[in-house]
2 protein chains.
Amino acid sequence: MSSKTVDKALSILDVFTVETPTWGLRELARNLDMNHTIVHRILTTFEDKGYLYCNPETKKYELGIKFIELNNVVEEHLNISTMIQPIMKEIAVKTGESVVLTVLDEEEGVFVKIVESEQKVRFAESVGKRSALYIGASHKIILAHLPEELQNKIIDEGIESQSKQIPSKEKLMERLETIKREGWCFSEGETFDDVAACSVPLFDSKHQILGSLSIAGPKYRFSQQEGEEKLPALLENVEKLNSILSKVNFPSRRNYLTKKFI
Amino acid sequence: MSSKTVDKALSILDVFTVETPTWGLRELARNLDMNHTIVHRILTTFEDKGYLYCNPETKKYELGIKFIELNNVVEEHLNISTMIQPIMKEIAVKTGESVVLTVLDEEEGVFVKIVESEQKVRFAESVGKRSALYIGASHKIILAHLPEELQNKIIDEGIESQSKQIPSKEKLMERLETIKREGWCFSEGETFDDVAACSVPLFDSKHQILGSLSIAGPKYRFSQQEGEEKLPALLENVEKLNSILSKVNFPSRRNYLTKKFI
DNA sequence: CTTCCGTGGTTCGATAATCGAACCACTGAT
DNA sequence: ATCAGTGGTTCGATTATCGAACCACGGAAG
């Protein structure tokens, strides 16, 4: 049982994205196919609580400061800045490239933390970005470790949505098997045109896939060979990270564990 | 008009803090003086949407991955990582200390961004921390620029709550006047025992107080004199920051603008 | 200047979702 | 074996939500 009203309210929050971060009242109501009265009531509730902010000049709504506060609660609870970030930093220093922590959530991958190398190729702004599991090394390495039925389902849905990222199902499935066997994955130009990455899997205490750890850098200085050379730096530290992550029980939705995906 | 159901739901989120990040169902219902049925319904709704995560082993709830995602939307919209952080970094490099961006929200100050110096005195984990405006340089400099009636109200409430931070109302009010006149503020051991800070105010396009920018470091290497020496590095960059901040219209609740505080 | 269409915001009776006492099933301590 | 605690569910009474119709305003077009 779920609350219809709260559910509706949260659906409203969902449309505040990086692409469309501000909304007018009626514009929003139209988009959600809702009566503007109810949208208005929910918006003011969010506003009162600091979850939304209504720009007094434009009268448009945007996400509020509360999310900065609550993000901190999450990061603190996960020991991200005290335990996880230092390990990522170490790898970043050793390899001179940026390090990315990705986790599985529902049937997608989410960038949870990015530690940048000093050589500025900024893509830390992609934290929170969510995308399909067949795109990019960081995501494919996760997909490779999921149950085969779920792989099937995800790839089929990808093909249905006409994703350019899937050449053919057979080839992808084969590729995933190779990735799983070898224990790492390299890709270039998939999530971002100019970026290449090298990824290894992260598991929980029961050795079930949780996410991935990646090194990423600009294509021109990051060939497959260079990726391979940086692999040891990743693998050296990934165990430490695993033991930390298994202790905190990461709050991401891994439906495959409960077979919710069938 | 505000939605009672959504309001209730958001009140539930409020109890997930750094101090108490996980809650059991009945424990939470008791704490909020609510029937556990309704708490349960709301919790599952949040869970379905990724705002809460229910640990399957302990059955305890905690904030979910959604807050990492939405925090990113806010930061992106405010150009925090692309525009603001580089300026803060520049100051951090010049002074060798950490740089803190604080904003006014309702009647409190919130740390929105902390850029750490290389000399590791970690307190970046305090991002999102919220505290009263009479505590610490970063907050006092804001308080000093608020309307006098509001200063009165805030200080009176502080005295009422028996805050140790207020010696006497008269002295504090005098102090605030000095701070406002001089345009900067130094403090040590207020927000954190071992930390000293030096702060300057941030204004919006109409020259109304918005927040503050601070340099902070461990007391042993951060006397008032050393703070003063670092002041120019702050002031040099604060204008750039001001012009950026005035463009984005920061989504923090500055009730003093609308006289809501009376 | 007036009309018109758009915006954000409010009202109030019909309607439908919420509420909550009482109820499982389970676990762990006594 | 009992008991007190937990998370979770049920269902009729209650009450908050819903939404058509309504302002007031503001800018564009005639």
Side-chain angles (χ1 to χ4, degrees), chain A residues 1-16 20-64 249 251 253-255 257-260, chain B residues 1-16 20-64 249 251 253-255 257-260:
Chain A
M1 204 51 219
S2 181
S3 164
K4 220 156 187 169
T5 310
V6 178
D7 189 86
K8 222 171 288 184
L10 297 179
S11 304
I12 292 181
L13 284 189
D14 279 344
V15 303
F16 290 86
T20 55
T22 65
W23 290 87
L25 169 59
R26 274 170 143 99
E27 178 189 9
L28 212 165
R30 224 177 301 122
N31 182 276
L32 291 165
D33 205 22
M34 280 173 139
N35 185 298
H36 77 275
T37 308
I38 149 174
V39 175
H40 178 258
R41 186 169 54 233
I42 292 173
L43 289 183
T44 44
T45 312
F46 277 128
E47 193 190 354
D48 287 345
K49 292 279 183 176
Y51 289 84
L52 289 178
Y53 171 77
C54 184
N55 188 316
E57 315 216 324
T58 62
K59 291 285 175 187
K60 294 210 182 295
Y61 293 83
E62 59 187 285
L63 294 179
N249 204 309
R253 291 165 289 178
R254 292 185 290 156
N255 298 345
L257 294 176
T258 48
K259 305 276 181 197
K260 269 191 211 165
Chain B
M1 201 53 216
S2 180
S3 163
K4 220 159 188 167
T5 311
V6 178
D7 189 88
K8 222 170 287 184
L10 296 180
S11 305
I12 292 180
L13 284 189
D14 279 344
V15 303
F16 291 86
T20 56
T22 64
W23 290 87
L25 168 59
R26 275 172 143 96
E27 178 189 11
L28 211 165
R30 223 178 301 121
N31 183 277
L32 291 165
D33 205 23
M34 280 175 138
N35 184 296
H36 76 275
T37 307
I38 148 175
V39 175
H40 178 258
R41 187 171 51 234
I42 293 173
L43 290 182
T44 45
T45 312
F46 277 129
E47 194 190 354
D48 287 346
K49 291 280 185 176
Y51 290 83
L52 288 177
Y53 171 77
C54 185
N55 187 315
E57 317 216 322
T58 62
K59 290 284 174 187
K60 294 208 181 299
Y61 292 83
E62 59 188 283
L63 295 180
N249 204 308
R253 291 165 288 178
R254 292 185 290 155
N255 299 344
L257 293 177
T258 47
K259 304 279 180 196
K260 269 191 208 167

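Proteins get letters first, then strands, A, B, ... in listed order; numbering begins at 1 in each. Note that the structure is predicted; figures quoted are calculated from it, not measured.
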field: Interatomic distance, A/Ile42 CD1 vs C/dA17 P [rounded to whole Å]
entry: 13 Å
query: Do A/Glu47 and A/Cys54 come within less than 4.5 Å of each other through their side chains, counting heavy atoms only?
result: yes
Distance, rounded to the nearest Å, where A/Met1 contributes CE and C/dG20 contributes C1': 14 Å
query: With nearest nucleotides of DNA chain D determined for B/Leu25 and B/Val6 from heavy-atom distances, which residue corresponds to the more 5′ nucleotide?
result: B/Leu25
query: Quick one: side chain to side chain donor-acceptor pair (under 3.5 Å) partners of A/Asn55, sequence neighbours excluded?
result: none
Donor-acceptor pairs under 3.5 angstrom involving side-chain atoms of residues 35-43 of chain A: please list them, not counting sequence neighbours.
| residue | atom | partner | partner atom | Å |
| --- | --- | --- | --- | --- |
| A/Asn35 | OD1 | A/Thr37 | N | 2.7 |
| A/Asn35 | OD1 | A/Thr37 | OG1 | 2.9 |

query: Looking at residues at least two apart in the chain, or sitting in another chain, which of them share a side chain to side chain donor-acceptor pair (under 3.5 Å) with A/Thr20?
result: A/Thr17
- line: Sorted by chain and number, sequence neighbours left out, side-chain contact (heavy atoms from CB on, under 4.5 Å) with B/Asp7 holds for A/Thr45, A/Lys49, B/Ser2, B/Ser11
- request: Pick base, sugar-phosphate or nothing for A/Ser3, based on heavy-atom distances below 4.0 Å to the nucleic acid.
  value: sugar-phosphate
task: Could you check how far CZ of A/Arg26 sits from C1' of C/dC5, rounded to whole Å?
output: 11 Å
- prompt: Is there any salt bridge (Lys or Arg N to Asp or Glu O under 4.0 Å) pair reaching into residues 25-34 of chain A, and which pairs are they, with sequence neighbours excluded?
  reply: A/Glu27-A/Lys60
task: By nearest nucleotide on DNA chain D, pick out whichever of A/Lys8 and B/Gly24 is the more 5' one.
output: B/Gly24
message: Counting C-beta onward and ignoring hydrogens, is there a side-chain heavy-atom pair between A/Leu63 and A/Tyr53 closer than 4.5 Å?
response: no
message: Does any part of the side chain of A/Thr58, heavy atoms only, come nearer than 4.5 Å to the side chain of A/Thr22, both counted from C-beta?
response: no
message: One pair to check against side-chain contact (heavy atoms from CB on, under 4.5 Å): B/Leu10 and B/Asp14. What are the steps and the verdict?
response: CA-CA 6 Å; B/Leu10 296 180; B/Asp14 279 344; 5.7 Å; no
field: Interface with DNA chain D, restricted to residues 29-39 of chain B and to heavy atoms under 4.0 Å
entry: B/Arg30, B/His36, B/Thr37
B/Trp23 side chain vs B/Val15 backbone, donor-acceptor pair below 3.5 Å: yes
Please write out each protein N/O paired with an N/O of nucleotides 11-14 of chain D under 3.5 Å, distance rounded to 0.1 Å.
none

message: My understanding is that only residues two or more places apart in sequence, or in another chain, count here; which of them pass side chain to side chain donor-acceptor pair (under 3.5 Å) with A/Tyr61?
response: none
- prompt: Among residues 57-64 of chain A, which residues get a heavy atom nearer than 4.0 Å to DNA chain C?
  reply: A/Lys59, A/Tyr61
message: Distance check needed: C/dT7 P versus A/Asn55 CG, whole Å only.
response: 17 Å
Counterpart residues, side chain to side chain donor-acceptor pair (under 3.5 Å), relative to B/Asn31 (two or more places apart): none
field: the helix from C/dC1-D/dG30 to C/dT30-D/dA1: angle between end helix axes, five pairs per end, rounded to 10 degrees
entry: 30°
query: In Å, rounded to the nearest 0.5 Å, how long is the span from CZ of A/Arg253 to CG of B/Asp48?
result: 8.5 Å
message: If you assign each of A/Thr5 and A/Cys54 to its closest nucleotide in DNA chain C, which residue comes earlier from the 5' end?
response: A/Cys54
query: Rounded to whole angstroms, how far apart are NE2 on A/His40 and C1' on D/dA20?
result: 17 Å
